[in-house]
Amino acid sequence: MTEASGAQRTRRFARPSLTTLVCGLAALVYVAVFIAYPYAHVGVFSFWEKDLYSIRPAFILDNYARIVERPLYLHVIGNSLRIAAFVTLISAVLGYTLAMFLERYAGRWKTLLFFLLIVPLWTSFLLRAYVWKIILGRNGLISGILGQFGIQPDDIGFMLYSEVSIVIALVYIFVPFVAIPVFAALEKIPPSYREASADLGARPFQTFLDVVFPLTVPSLLAGSTIVFCLSFGDFITPALLGGSDNIMIANIIIGQFGAAFDWPFGSALAIVVLATVMLVVTTAAWIGNRVAEGR
């Protein structure tokens, strides 16, 4: 055994420092108190039963069976998945395009435009959703502009209290979650990579496909995953812009914990949402690892 390998093994099995132990313990406490315990509590509640105006401990699957047996809940879950998928796809395209523009073509305006990109994140989520209710309303900005061309508010009624308004508002809110990580990934790509590709005769678009895009896929997947999870679990935007016919699963969960006082069923719905989110995150991580291995 060489001295170098012996020193490596010594460092590997050396006792962790006090700082490492404190940081690790703090992370463990945070996960246990704020993530594991609440989710475990909700999971236990999902097997309990509601008895008139009280909740009784039990171990039953009736709450989950109710989700499967009643088409309403499956329809709402499917509707939530569809809206979240649309929002994720549009946000991914717009966010990536915006990041490319900032990195390649913004020039001296790059800092200012990046600042304008993150400014909306400093305001309230509720305020950002409510702004679109005003913009898309009958007397809003879009209605006023289209009115100059003879288009009446009734002709664009589909833009408010519909899936269209939900998607528009959520895309506006979540585009920075894709653009920022992709922009950071683009900034880290050395210019020599593009130069080498050009020297080998590749056209700019081919360079993008073979060099630039694969290096930004992990960031794109991370941002898109965040957008999907937040869109799937959002309840403020559907409540303000969706109307009674376009509710999402989070709105039903809030109703079960509120007016209906059916915490066990609301917990079962929350576990279904959590399982869906975990499946999406796991799939995105698997795809990211495959892309990294292929690179």
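This is a predicted model, so every value here is computed, not measured.
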Stepwise side chain to side chain contact (heavy atoms under 4.5 Å, CB included) check, Arg194 with Val211: CA-CA 7 Å; Arg194 293 189 177 93; Val211 178; 5.5 Å; no
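- The aromatic rings of Trp122 and Phe115 stand perpendicular to each other, their planes meeting at an angle above 60°, with 30° marking the opposite boundary.
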Criterion side chain to side chain donor-acceptor pair (under 3.5 Å) on Thr20 and Ser17, from CA distance to verdict: CA-CA 5 Å; Thr20 303; Ser17 64; 3.0 Å; yes
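- Hydrophobic clustering places Ile90 together with Leu170 (ILVMFWY residues linked when any side-chain heavy atoms are closer than 4.5 Å, directly or through intermediates).
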Donor-acceptor contacts under 3.5 Å from residues 31-49 side chains, at least two apart:
| residue | atom | partner | partner atom | Å |
| --- | --- | --- | --- | --- |
| Ser46 | OG | Gly43 | O | 2.5 |
| Ser46 | OG | Tyr64 | OH | 2.7 |
| Glu49 | OE2 | Arg56 | NE | 2.8 |
| Glu49 | OE2 | Arg56 | NH2 | 2.5 |

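- If you chain together hydrophobic residues whose side chains sit under 4.5 Å apart, Ile287 and Val227 fall into the same group.
- Under 4.0 Å is where a charged nitrogen must lie from a carboxylate oxygen, and between Lys110 and Glu187 at least one such pair does.
- Note: the hydrophobic cluster containing Trp109 also contains Leu186 (ILVMFWY, side chain heavy atoms under 4.5 Å, direct or indirect links).
- Checked against the 6.0 Å centroid criterion, the rings of Phe265 and Tyr73 qualify as a close aromatic pair.
- Among Ile247, Asn79, Ile166, the one residue that satisfies the side-chain contact (heavy atoms from CB on, under 4.5 Å) test with Pro238 is Ile166.
- Under the 4.5 Å side-chain criterion, counting only non-hydrogen atoms from C-beta, Leu113 is in contact with Phe101.
- Side-chain contact of Ser219 with Thr216: a donor-acceptor pair under 3.5 Å is absent, judged by distance alone.
- Using a 4.5 Å heavy-atom cutoff, the side chains of Leu200 and Glu195 are not in contact.
- Judged by distance alone, with hydrogens and angles left aside, the side-chain atoms of Asn289 form no donor-acceptor pair with the main-chain N or O of Trp286 at under 3.5 Å.
- Counting heavy atoms of neighbouring residues, nucleotides and ligands inside a 6.0 Å radius, atom OH of Tyr130 does not exceed 12 of them.
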From CA spacing to verdict: side chain to side chain contact (heavy atoms under 4.5 Å, CB included), Leu240, Leu126: CA-CA 9 Å; Leu240 288 176; Leu126 177 62; 3.7 Å; yes
CA sep, side-chain torsions, deciding dist, call: Phe208, Met100, side chain to side chain contact (heavy atoms under 4.5 Å, CB included): CA-CA 11 Å; Phe208 169 76; Met100 285 284 294; 4.0 Å; yes
Pair Thr88-Thr225, side chain to side chain contact (heavy atoms under 4.5 Å, CB included): steps then yes or no: CA-CA 8 Å; Thr88 303; Thr225 302; over 6 Å; no
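- Between the side chains of Thr237 and Asp234, at least one donor N or O lies within less than 3.5 Å of an accepting N or O.
- Contact annotation: the side chain of Ile135 approaches that of Val131 to within less than 4.5 Å [non-hydrogen atoms, C-beta and beyond].
- The side-chain heavy atoms of Cys229 and Val281, taken from C-beta on, include a pair separated by under 4.5 Å.
- No side-chain heavy atom of Phe86 sits under 4.5 Å from any side-chain heavy atom of Val171.
- More than 12 heavy atoms of other residues, nucleotides or ligands shown are found within 6.0 angstrom of CZ on Phe261.
- Residue pairs satisfying the side chain to side chain donor-acceptor pair (under 3.5 Å) criterion with at least one member in residues 258-284, sequence neighbours excluded, are listed as follows: Arg66-Asp262.
- By the criterion of side-chain heavy atoms lying less than 4.5 angstrom apart, applied directly or through intervening Ile, Leu, Val, Met, Phe, Trp or Tyr residues, Val93 is not grouped with Ile226; the two fall into different hydrophobic clusters.
- Put simply, the side chain of Ile118 does not reach to within 4.5 Å of the side chain of Pro176, judged on heavy atoms.
- Within the 4.5 Å cutoff, side-chain heavy atoms of Phe174 are placed close to those of Ser231.
- Remark: the backbone N or O of Leu241 is paired with a side-chain donor or acceptor of Ser165 at under 3.5 angstrom.
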